[in-house]
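All of these numbers come straight from a predicted model, not from anything done at the bench.
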Amino acid sequence: MESIMKEVRGHGPSVLEPKSMIGGGVEDVYGEDRATEEQLVTPWTVSVASGYTLLRDPHHNKGLAFTEKERDAHYLRGLLPPAIISQELQEKKLMHSIRQYQVPLQRYMAMMDLQERNERLFYKLLIDNVEELLPIVYTPTVGEACQKYGSIFRRPQGLYISLKEKGKILEVLKNWPERSIQVIVVTDGERILGLGDLGCQGMGIPVGKLALYTALGGVRPSSCLPITIDVGTNNEELLKDEFYIGLRQRRATGQEYSEFLHEFMTAVKQNYGEKVLIQFEDFANHNAFDLLAKYGTTHLVFNDDIQGTAAVVLSGLVAALKLVGGSLAEHTFLFLGAGEAGTGIAELIALEMSKQVKAPLEETRKKIWLVDSKGLIVRSRKESLQKFKKPWAHEHEPVKNLLDAVKAIKPTVLIGSSGVGQTFTKEVVEAMSSFNEKPIILALSNPTSQSECTAEQAYTWSKGQAIFASGSPFDPVEYNGKIFVPGQSNNAYIFPGFGLGLVISGAIRVHDEMLLAASEALAQQVTQENFEKGLIYPPFSNIRRISAEIAANVAAKAYELGLASRLPRPQNLVKYAESCMYTPLYRSYR
């Protein structure tokens with residue numbers, strides 16, 4: 001992947017290092033979130049939070065779980081009903097309430113309301129019911145939430161940095177109340193999931209991703225910062241929508257965009273230090289690759305659409321080999337979609353093959369073919385291709401559509417990252433099944449409406465032969481008396497643990513070897529019992545333990561590459577990762 005970045009980078013100017021920086025870090029000053037320690041804590045804000053203020057502070061509010069002693073000490077008498085109930089009972093009550101809603105967006109709003117009034121209960125609920133609530137706070141429901149964000153917006157959950165703040169971005173960052181930030185997820189809203197340009201309303205994505213950083217990866221919520229960069233939108237519907245919350249102008253491009261993003265990246269490093277992780281999310285292809293190439297050598301940056309998706313898909317493929325046999329290099333891959341996700345996945349597969357068979361990257365790339373909107377990417381099209389597509393232009397006669405490409409290439413693995421629904425037709429799936437005993441079919445596009453095919457279609461059209469996984473969740477399918485459980489190739493498997501690994505090691509740069517380490521760690525978590533159900537990913541119910549394993553593998557690679565700054569290296573990285581994870585259990589106040 002770094003080789004692609006070098007090609008994108010070309011010989012352009014390097015990014016200047018800011019002259020002054022302050023240290024980032026993982027320090028938890030008051031010891032509130034250390035999972036291994038049991039001690040009384042003080043609910044500090046600017047001063048000790050008490051009374052009505054305490055009940056309105058989501059970081060410290062416990063609702064009816066405040067004890068008699070705490071109610072006396074913090075002036076809560078009369079502000080709460082007399083009953084005292086446990087966090088477990090609160091959780092039971094809330095899950096009952098959430099399940100009453102029939103519309104997923106109502107469940108999303110109920111969860112966001114909870115996050116705004118009782119942070120620890122929100123995360124307890126999400127951790128304990130992750131398989132049920134993940135589709136609500138993340139894909140697919142978060143897509144609908146972004147589309148309607150202007151109508152459901154209640155209070156800010158992150159920072160909005162618009163072109164109005166040009167020249168003042170550092171000041172804006174200082175308006176955020178938390179000073180020790182470890183992870184920033186930032187979007188400019190131009191390519192939200194498979195839904196297109198949603199402008200300022202893309203904020204739902206950074207908010208959702210960081211909720212998962214905490215729930216699944218254990219990164220403290222106070223050290224997470226969601227940011228939306230608002231440079232306008234080209235979505236005509238939003239520009240005419242009276243409820244739209246962003247700038248009402250066409251998107252800034254070219255030099256204006258580049259200078260604004262550069263000011264942002266410089267300000268982040270100046271304000272939060274060298275070790276803050278900046279995760280790019282849902283930027284359009286033409287900007288995503290350029291930003292990763294430009295800042296990959298000077299900042300700790302990670303693009304989830306390019307790198308996170310690649311790591312989780314590679315992991316699924318490594319696991320799937322136990323069901324279909326052979327090594328990666330013995331398989332042929334065909335992609336529908338040659339954007340951020342498609343080329344990112346392809347490059348990481350080629351890197352892993354290169355590592356395994358000790359062949360040049362240029363050779364292993366030849367096992368991978370990509371189809372875009374104009375057909376198969378072949379050498380005769382090379383001059384007209386965007387930079388990031390050029391490495392995939394192999395020698396072959398032109399092929400106009402996916403079905404003909406499947407018949408010509410005869411791939412063993414078919415991967416969809418096109419953002420266009422129902423493109424894996426019956427004919428395509430039947431063709432895959434005609435020359436593969438167990439075709440691997442990954443329909444990765446989100447949300448569910450954009451999936452290349454459904455689980456039911458994949459299993460039915462392949463007569464139960466397919467090994468299937470998708471980006472959005474699908475229910476189990478019964479075919480010929482057998483139950484098939486579709487896997488979910490969800491980035492949430494990778495990025496929370498990956499980010500935790502960077503934080504606990506104090507890494508200063510992201511390296512491709514770290515992505516491979518994350519993929520390998522995830523693939524190792526798939527059990528024989530999972531394989532027997534046709535699964536190539538482990539269940540989400542174990543995600544915090546999985547994240548700790550991924551974090552340990554990523555941190556180990558950071559130490560090995562000399563990119564870690566947290567010294568000395570802990571002896572047992574898995575235990576260290578677990579000890580650094582945020583716990584949502586209520587703390588006792590003095």
Side-chain angles (χ1 to χ4, degrees), residues 1 4 139-140 143 190-196 205 280-286 288-289 292 303-317 320 331-351 365 367-377 385-386 388-389 391-392 401-402 405-406 409 411 413-425 428-429 432 439-455 458 467-474 486-495 515 519 536-537:
M1 201 167 296
I4 289 278
T139 182
E190 190 169 4
R191 193 200 59 81
I192 298 297
L193 302 175
L195 302 170
I205 296 295
F280 296 122
E281 198 66 48
D282 289 356
F283 284 75
N285 290 339
H286 54 276
F289 285 99
L292 194 57
N303 186 303
D304 193 38
D305 304 300
I306 299 172
Q307 296 165 299
T309 302
V312 78
V313 172
L314 175 59
S315 169
L317 293 172
H331 287 267
T332 304
F333 303 83
L334 180 64
F335 285 76
L336 176 63
E340 292 168 63
T343 54
I345 299 163
E347 184 70 2
L348 204 63
I349 293 170
L351 273 167
R365 282 177 181 157
K367 300 286 290 181
I368 302 168
W369 298 82
L370 278 69
V371 172
D372 65 7
S373 59
K374 294 181 174 63
L376 192 67
I377 293 178
L385 292 171
Q386 292 161 285
F388 57 87
K389 292 183 183 181
W392 311 102
N401 60 59
L402 177 64
V406 168
I409 303 298
V413 181
L414 179 63
I415 299 173
S417 61
S418 60
V420 182
Q422 295 299 302
T423 40
F424 289 176
T425 61
V428 166
V429 174
M432 283 291 295
I440 299 172
I441 297 175
L442 306 181
L444 302 178
S445 293
N446 289 316
T448 313
S449 59
Q450 309 305 116
S451 187
E452 285 77 10
C453 68
T454 67
I467 295 167
F468 176 81
S470 56
S472 288
F474 284 105
Q488 191 183 354
S489 183
N490 193 322
N491 291 23
Y493 276 115
I494 288 285
F495 72 80
L515 296 169
S519 287
I536 54 175
Y537 293 100

query = Just wondering, do E190 and H286 contact through their side chains at under 4.5 Å, heavy atoms?
reply = yes
query = Any side-chain heavy atom of I368 sitting closer than 4.5 Å to one from I349?
reply = yes
task = First locate atom CG of N490, then atom OG of S472, and finally report the distance between them rounded to the nearest 0.5 Å.
result = 8.0 Å
request  = Scan side-chain atoms only and decide if E452 and T423 contain a donor-acceptor pair under the 3.5 Å cut-off.
outcome  = no
key: Side chains of L314 and I345 in contact at under 4.5 Å (non-hydrogen atoms)   = no
Distance-only polar pair, side chains of S470 and Q488, donor-acceptor under 3.5 Å = no
ask   = Which pair of non-hydrogen atoms, one from Y537 and one from V312, has the smallest distance, and what is that distance?
value = OH-O, 2.6 Å
ask   = Once you round to the nearest 0.5 Å, how far does CZ of F283 lie from CD1 of I306?
value = 10.5 Å
ask   = Does some side-chain heavy atom of I415 sit less than 4.5 Å from a side-chain heavy atom of V313?
value = yes
Exercise: identify the closest heavy-atom pair between A288 and N303 = CB-ND2, 3.7 Å
task = Using the six-membered ring wherever Trp is involved, compare the ring planes of H331 and F333 and label them parallel, tilted or perpendicular (cut-offs 30° and 60°).
result = tilted
message = Could you tell me if the side chain of P473 sits less than 4.5 Å from the side chain of P140, heavy atoms only?
response = yes
query = Any donor and acceptor pair, going by atom type alone, linking the side chain of R365 with main-chain N or O of K367 inside 3.5 Å?
reply = no
query = Is it true that a side-chain atom of N285 and a backbone atom of G339 form a donor plus acceptor pair closer than 3.5 Å?
reply = no
key: All side-chain hydrogen bond (donor to acceptor under 3.5 Å, both in side chains) counterparts of D372, not counting sequence neighbours   = R381, K389
query = Which atom pair, heavy atoms only, marks the closest approach of S519 to I494?
reply = N-CD1, 4.3 Å
key: Close side-chain approach of I409 and T332, heavy atoms under 4.5 Å   = yes
request  = Compare every heavy atom of D282 with every heavy atom of D305, then report the nearest pair and how far apart it is.
outcome  = OD2-N, 2.7 Å
inquiry  = How long is the straight-line distance from CG of L402 back to OG1 of T425, given to the nearest 0.5 Å?
reply    = 7.0 Å
inquiry  = For a 4.5 angstrom cut-off between non-hydrogen side-chain atoms, does F474 reach F468?
reply    = yes
query = Is it true that a side-chain atom of S445 and a backbone atom of S418 form a donor plus acceptor pair closer than 3.5 Å?
reply = yes
request  = Quick one: pull up CD in E340 and CZ in F280 and give me the separation to the nearest 0.5 Å.
outcome  = 11.0 Å
message = Looking at every heavy atom in both C453 and A458, which two are closest together, and how far apart are they?
response = SG-CB, 4.1 Å
Candidate pair I440 and M432, rule side-chain contact (heavy atoms from CB on, under 4.5 Å), full reasoning = CA-CA 9 Å; I440 299 172; M432 283 291 295; over 6 Å; no
query = Which heavy atom in L442 sits nearest to a heavy atom in F424, and how many Å separate them?
reply = O-CE1, 3.7 Å
task = Could you please spell out the steps behind the side-chain contact (heavy atoms from CB on, under 4.5 Å) verdict for N401 and V371?
result = CA-CA 8 Å; N401 60 59; V371 172; over 6 Å; no
inquiry  = Run W392 and E347 through side-chain contact (heavy atoms from CB on, under 4.5 Å) and show every step you take.
reply    = CA-CA 9 Å; W392 311 102; E347 184 70 2; 3.2 Å; yes
inquiry  = If you define the side chain from C-beta out and look only at heavy atoms, does anything of L336 sit under 4.5 Å from L370?
reply    = no
task = Report the C-alpha separation of T309 and L348 in whole Å, then their side-chain angles, then the decisive distance to 0.1 Å, and conclude whether the side-chain contact (heavy atoms from CB on, under 4.5 Å) test is met.
result = CA-CA 10 Å; T309 302; L348 204 63; over 6 Å; no
note = Only residue of I205, N491, N446 satisfying side chain to side chain contact (heavy atoms under 4.5 Å, CB included) with T139 is N446
